[in-house]
Protein chains: 2
Amino acid sequence: MISTRGRYALRVMIDLAQNENGKYIPLKDIAERQDISKKYLEIIVKDMVAGGLLTGASGKGGGYKLCRKPEDYPVGEILELMEGSLSSVACLAAKDNSCPRKNACRTLPMWEEYDRLVHDFFYSKTLRDLL
Amino acid sequence: MISTRGRYALRVMIDLAQNENGKYIPLKDIAERQDISKKYLEIIVKDMVAGGLLTGASGKGGGYKLCRKPEDYPVGEILELMEGSLSSVACLAAKDNSCPRKNACRTLPMWEEYDRLVHDFFYSKTLRDLL
DNA sequence: CTACCAACCTACTGTGTCAATAGGTTTTTA
DNA sequence: TAAAAACCTATTGACACAGTAGGTTGGTAG
């Protein structure tokens with residue numbers, strides 16, 4: 001299940017795209033328009049900057065701004081960054097690939113097929129498609 | 001992310017199908033073969049009986065048994081029963097359909113499309129496909 | 001008829017994540 | 001130099017997950 005981190009991140013991106021004016025947009029405005037706690041958004045937006053989705057500027061006149069064109073943001077990239085992983089099961093989300101049952105597991109192929117489906121779905125959509 | 005409830009349920013079903021012999025199969029055997037805590041499986045299997053996936057029999061010679069042919073168990077039904085819902089977001093999982101932003105929401109169509117994809121994927125597979 | 005086996009039932013617990021909240025510090029510009 | 005904004009650290013309450021523990025009921029084999 002997609003959490004508020006992923007969903008709010010998407011809403012922030014959409015809000016930034018819709019209110020784009022060349023300048024930085026303060027989080028206060030976004031929080032008010034989207035009716036989300038500004039304090040909570042700070043945490044989320046910080047990770048978005050760290051993940052290369054946005055650029056931020058401190059000080060008066062500061063705020064946040066998209067750093068690519070909307071069509072260059074795959075939805076999958078945004079969700080993967082915020083949710084950690086889009087994998088359906090723990091043994092595929094883990095980097096170490098270490099499930100001891102992996103060779104005998106009768107369900108693993110299904111999870112792998114499912115993960116590909118999910119990945120392809122979200123990477124075939126971009127921020128532009130949501131506007 | 002699919003939890004142990006859904007994954008263990010699937011493994012129990014597969015185990016029952018593979019070891020089918022006309023008789024009831026005690027949970028103890030399943031737990032040993034699958035290397036899962038019997039106590040924890042009790043909770044899971046109880047819900048599977050309540051959900052109409054299995055029949056259980058008490059007393060000596062008792063245990064559990066599939067009550068349909070493997071091809072008549074859609075994987076989606078099993079997962080939906082155990083996970084509560086396969087919906088990607090809270091506003092679609094909720095029965096009351098009450099998100100106040102629903103008309104203006106720019107992401108809802110994507111979640112709906114995604115939910116259909118997931119549903120179709122898991123309902124197109126049956127227990128038979130996992131054997 | 002009774003001992004055993006197995007399902008069934010209720011309650012509890014430790015761990016971790018989610019969704020925030022609170023309060024401060026630094027940075028920038030008007 | 002004062003305001004505005006991002007940035008940083010810490011804390012919290014609620015809840016779900018993944019079990020554990022111990023007892024009760026029910027059916028069957030000897």
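Every chain is numbered from 1, with letters handed out A, B, ... down the list of sequences.
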Rounding to a whole Å, what distance do you find between [X]:[atom1] and [N]:[atom2]?
| X | N | atom1 | atom2 | answer |
| --- | --- | --- | --- | --- |
| B:Met82 | D:dA16 | CE | C1' | 15 Å |
| B:Met1 | D:dA18 | CE | C1' | 15 Å |
| B:Lys46 | D:dT25 | NZ | P | 17 Å |
| A:Lys23 | D:dA6 | NZ | P | 15 Å |
| A:Leu41 | D:dC7 | CG | C1' | 15 Å |
| A:Met48 | D:dA6 | CE | P | 13 Å |
| B:Ile44 | D:dT20 | CD1 | C1' | 14 Å |
| B:Arg11 | D:dA18 | CZ | C1' | 14 Å |

Residue pairs passing the ring-ring contact (aromatic ring centres under 6.0 Å, His included) test where at least one lies in residues 23-61 of chain A, sequence neighbours excluded: A:Tyr8-A:Tyr40
Sugar-phosphate only, base, or nothing, as touched by A:Tyr64 at under 4.0 Å among non-hydrogen atoms: sugar-phosphate
Global bending angle along the helix from C:dC1-D:dG30 to C:dA30-D:dT1, which compares the axes of five pairs at either end, to 10 degrees: 10°
Counterpart residues, side-chain contact (heavy atoms from CB on, under 4.5 Å), relative to A:Ala90 (two or more places apart): none
Residues which pass side-chain contact (heavy atoms from CB on, under 4.5 Å) with A:Asp129, listed by chain and number, not counting sequence neighbours: A:Lys125, A:Thr126
Between CG on residue B:Leu131 and CD1 on residue B:Ile14, distance to nearest 0.5 Å: 6.5 Å
Hphob cluster co-occupancy, B:Val12 + B:Leu81, side-chain heavy atoms under 4.5 angstrom: yes
Show which side-chain atoms of residues 73-80 of chain A pair as donor or acceptor with protein atoms under 3.5 Å away, not counting sequence neighbours.
from: A:Tyr73; atom 1: OH; to: A:Leu53; atom 2: O; distance (Å): 2.6
from: A:Tyr73; atom 1: OH; to: A:Cys67; atom 2: N; distance (Å): 2.9
from: A:Tyr73; atom 1: OH; to: A:Arg68; atom 2: N; distance (Å): 3.1
from: A:Glu77; atom 1: OE1; to: A:Arg68; atom 2: NH1; distance (Å): 3.0
from: A:Glu77; atom 1: OE2; to: A:Arg68; atom 2: NH2; distance (Å): 2.8
from: A:Glu80; atom 1: OE1; to: A:Tyr123; atom 2: OH; distance (Å): 2.6

Results of ring pair (Phe, Tyr, Trp, His ring centres under 6.0 Å) for B:Phe121 - residues two or more places apart only: A:Tyr114
Pairs where residues 45-54 of chain A contributes a residue and the test side-chain hydrogen bond (donor to acceptor under 3.5 Å, both in side chains) is met, not counting sequence neighbours: A:Arg5-A:Asp47
Letter per nucleotide, 5' to 3', of nucleotides 14-30 of chain C [B base touched, S only sugar-phosphate touched, - untouched; heavy atoms, 4.0 Å]: -----BBBBBB--BBB-
Summary of salt bridge (Lys or Arg N to Asp or Glu O under 4.0 Å) pairs that have at least one residue in residues 14-29 of chain A, sequence neighbours excluded: A:Asp15-A:Arg33, A:Lys28-A:Glu32
